[in-house]
Each structure stands twice: as C-alpha cells, then as structure tokens.
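Being a predicted model, the structure only gives us computed values, none of them experimental. In listed order, ligands and their atoms are each counted from 1.
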Amino acid sequence: MPIDLRIAATSLLEAVPLPVFVVDRQCVITYFNKQSQRHYDPIQIQEGMPLGEVLRSSAILQLVANSIEVNAPQKGQFEVGTSDIAYKVTVNPLIYNYNAQPSAQAEQPTASQYFAVVIEDMTEARHIERVQRDFIANISHELRTPLTSVRLLTETLEDAIDTDPDRAQEFVGKIETEVQYLSELVAELLELSRIESGQTIMTIEPIEAERLVREVMARMLPLAQRHRVQIGTDIHQGGTLVVADRKQITRVLINLVHNAIKFTPSGGSIIIGTLLQEDQHTQRFHVVDTGVGIQAEELSRIFERFYKTDRARAKADFIGPGGGGTGLGLAIARRVIESHGGRIWAQSKVGEGSTFAFTLPVAVRSEETDGESIHSTGL
Ligand SMILES: Nc1ncnc2c1ncn2[C@@H]1O[C@H](COP(=O)(O)OP(=O)(O)O)[C@@H](O)[C@H]1O
Ligand SMILES: [Mg+2]
C-alpha cells in the first residue's frame, strides 16, 4: 500500500470508537487500534498474537474463520449467557492488492490476505432496551392490579347495595383507596417522566436548611402521631443556605419521612436531620428510622423505578394510608437530588432501622466577601 494511504488508513482506524483488529488468514493479529487495547484491558494485545487469545468466544472466532474461508463479509450478534452482555461483530475481507499487475488473472478474484474484525459492544443498548421493557411491563402490572380490584369491588357493590348498606359502604371505601393509589401512580409516573425528559422547570433559590426540615416535620407530624411513631429533628448549621427547588426537595424529604413512617412499627422513632459536610460546600439531610430495615442485597435496588422490597410487596409492614406505595418515590428522589448536583444513598440493618441521606450544594453568598458568615448555627 502506498505509504500515504497506509497512514490515512491507520489514522482512520484509530478514529473509530470501536475495537478493530486486522487478522491474516491464520487469524493472527497484524493490526489493532487503541480502542481494542482499551476494551480488552488487561490483556496486552500484540501484533503476531492469535485473535483467540483476545476474543475468548468460540462463536466469534468461528465467524472470523467463516469469513476467511468464504472470502466474504460476515456479521453476527453474540450474547454472553443470559446477561445483557452482547456484541455485534463484523468481519470484512480487505481488498489489498496494490502490487498486483493487471493481468488476465485479475478476472479471478484472489483470496484476501487480511480481514478486518470490528467489535461493537451492544451491552449498554441491550441494558437500556431491557430497562424500558421492564418499565412498560411494570406499569401494566401496577395498573392492572388496582383496576382488577376496582372491577371486582364494583361487581360486589352492585350486589350489596340494596341488601347490605354497611358492606356496600365498606366497598366504596376500598374503591376509594384503589382509585387514590391509581391517581398517585399516574401522578408519579408523569412526574418521573417529566424529570427524566428534562421538562421540569426547577426554581432554584437559596433556602435555609433548617426551614426545609421544620416544614417537613410540621407536615408529617400528624401522620407519625397517628401511627404512634416518635418524630424529632436534629439540626446542625441549620442556617446554611442550600441551592434548591424548595417544592421538589420538600417532596423528596416528605417521601423519605413517609417511607420511614410506613416501615417503622408503633413505638419506634424517626429523626429528620441536617448537617454541614466537612467540605463546607455541601449540606447533608437525613431521615433515620428504627424500623424494619432493608436487606443488603435489596438496598442497592430500592432507588430503581418500581422496586419494592419483598416485605413491602407482601404489605407485611404497611401501616396506614398510602401504605401500598408505587415504588417510584425513591426513583424520583434520586433524579431530583442528582439534578440538583447532589447525591442520595441509604444504609440499613434489618431489624434495627434505616438511614436515608442526601446532599445539596451550599449557596455562596455575595456578603461572604463582606466578612459575614454564611453559616449561622441553627441550634
Ligand atoms: N425507611 C425504610 N425502611 C424500610 N424499607 C424502606 C424504607 N424506605 C424505602 N424502603 C423500601 O424501598 C422501597 C421503595 O421505596 P419508594 O420508592 O419510596 O416506594 P414506595 O414507598 O412507593 O413503596 C419500598 O417499597 C421499601 O421496600
Ligand atoms: Mg415511598
């Protein structure tokens, strides 16, 4: 190949954001781009190495062998087990006979000496696809269950309405609960999709950390009292101004406290707290309960859309109204906190309780330069 062309071809391959290998007819690597080294790290790829030492999948190697044998392009999709890991592989014979003299033999195409193997990692795309499929399946399920209840309750109500007014009243109550759940589900779905599509307009303003905590405390106190759960605050550096959309953050805190109330048996206690982090740039908020707790393997999943722990699904720990939640609250909370530039996490011990915490960025006041402190203690 003329030297200029070789340089151009090489830089082209280096610009491809996918692993590319060139192999000879013995399936030995004669060229690989930087991306392949990055992708297959820690394997130290070298020219002269059999491709089989890098790609361990016999199915992919078979595809390359087929392409060599038939001297024609080959394509395939390969999955690794039942996981989302999947690769799209394309093998192309390289037409490479610059030195060949035009002759009568040119009529007969000669077999290529080199083959380009391009590997496309489909894992991410597969994962997104699966999440979307699960999401639709979940929505359908979450809608169908209460709708079925409403249908059955209405039928029974029709029978009882004349003969047994007390029972009829009971059914009306149950229908109301289901309808309330459905409205909540639809509202939360809309909110989540609005947040995810970036349609929610955030009204960001500096707010005192203490004010957020006190407001949520006041709003949740009646529910806590009704369920005989103690509720208190633990405010440090409450005067810190955080940069936040007050409505959204209040809703996140309310959801955390509501969860804490739901999953804490009577006699337990809940603390809503806030505290300036050591870095002085972030304020932490937390809701600590002495409730049922969450198992370690479930803890990593509770921020997923629709995820409810087995106990929550079994409704074993539900107390009071709004008990049968949608499983969307924490997913919304995570989106909200992350869109504020914060972080949200949970810690828990089964039987001892859970702590949900998040951070928000601290507002920088212009008066700071005048020597006024931004952080008065709110104790
Ligand atoms: N404080 C808590 N204690 C125990 N489990 C909790 C707590 N908060 C959340 N969870 C678990 O996380 C799940 C998801 O919470 P969330 O997204 O708010 O959904 P929902 O409250 O609608 O069930 C709950 O169903 C429950 O299993
Ligand atoms: Mg909730």
Side-chain angles (χ1 to χ4, degrees), residues 131 134-135 138-139 141-143 145-146 177-193 195-196 213 216-217 219-220 223-224 227-234 248-273 285-338 343-358:
V131 167
D134 289 356
F135 188 49
N138 276 324
I139 294 177
H141 175 79
E142 297 292 328
L143 286 172
T145 315
T177 309
E178 298 293 352
V179 170
Q180 192 187 327
Y181 168 81
L182 277 168
S183 319
E184 193 186 323
L185 177 63
V186 172
E188 289 191 344
L189 273 172
L190 281 174
E191 190 180 344
L192 187 64
S193 94
I195 293 173
E196 289 191 343
V213 174
V216 171
M217 168 75 188
R219 282 172 65 174
M220 298 308 281
L223 189 67
H227 297 297
R228 282 176 225 95
V229 175
Q230 273 194 17
I231 188 164
T233 58
D234 179 25
Q248 285 191 16
I249 297 299
T250 306
R251 214 176 305 140
V252 168
L253 270 170
I254 284 180
N255 184 39
L256 295 182
V257 177
H258 194 183
N259 283 348
I261 296 174
K262 278 199 297 195
F263 297 104
T264 303
S266 303
S269 62
I270 294 165
I271 300 284
I272 318 171
F285 293 82
H286 48 260
V287 177
V288 185
D289 67 52
T290 59
V292 295
I294 304 159
Q295 287 179 21
E297 58 273 25
E298 297 192 294
L299 202 54
S300 57
R301 302 204 52 196
I302 52 173
F303 290 94
E304 289 174 20
R305 300 184 286 200
F306 291 114
Y307 191 83
K308 297 181 215 168
T309 61
D310 286 343
R311 295 187 73 151
R313 283 197 181 277
K315 303 200 176 185
D317 304 308
F318 286 168
I319 48 170
T326 59
L328 289 173
L330 289 178
I332 294 175
R334 187 174 67 180
R335 296 294 188 295
V336 168
I337 298 302
E338 286 176 356
R343 203 168 73 78
I344 184 164
W345 68 96
Q347 286 164 318
S348 187
K349 242 193 179 154
V350 174
E352 289 184 19
S354 313
T355 297
F356 283 80
F358 63 84

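- Of the candidates V350, V257, L330, V292, the one placing a heavy atom closest to atom 16 (P) of ligand 1 is L330.
- If you look at F356 next to ligand 1, the close heavy atoms, those under 4.0 Å, all belong to the side chain.
- Considering backbone and side-chain atoms alike, K262 places an N or O below 3.5 Å from some N or O of ligand 1.
- Numbered from 1 in the order shown, with element, the atoms of ligand 1 that lie under 4.0 Å from a heavy atom of Y307 read 13 (C), 14 (C).
- Scanning both residues, E304 and A331, for their nearest heavy atoms gives C-CB, 4.1 Å.
- Checked against a 3.5 angstrom limit, the closest N/O atoms of A331 and ligand 1 fall outside it.
- Residue-ligand proximity, T326 to ligand 1, at heavy-atom distances under 4.0 Å covers atoms 22 (O).
- The two atoms that bring I302 and A346 nearest to each other are CD1-CB, 4.1 Å, heavy atoms only.
- Residue N255 has at least one heavy-atom neighbour below 4.0 Å for each of these atoms of ligand 1: 18 (O).
- Contact record, H227 with S266: O-OG, 3.3 Å, taken as the closest heavy-atom pair.
- Near A260, meaning under 4.0 Å from any of its heavy atoms, are these atoms of ligand 1: 1 (N).
- Counting non-hydrogen atoms of other residues, nucleotides and ligands closer than 6.0 Å to CD of Q230 gives a total of 12 or fewer.
- Classified by interplanar angle (parallel below 30°, tilted 30° to 60°, perpendicular above 60°), the ring pair F285/F358 is parallel.
- Between R343 and I337 the shortest heavy-atom distance is N-CG2, 3.4 Å.
- Ligand 1 does not have G291 within reach: every non-hydrogen atom of the residue lies 4.0 Å or more from it.
- The heavy-atom pair separating V287 from L256 by the smallest distance is CG2-CB, 3.8 Å.
- With a 4.0 Å cut-off on non-hydrogen atoms, T264 does not touch ligand 1 at all.
- Donor-acceptor pairing under 3.5 Å is recorded for the side chains of T326 and E188.
- Counting heavy atoms under 4.0 Å from ligand 1, residue D289 touches it through the side chain alone.
- Here T326 does not reach the Mg ion (ligand 2): none of its N/O/S atoms is less than 2.8 Å from the metal.
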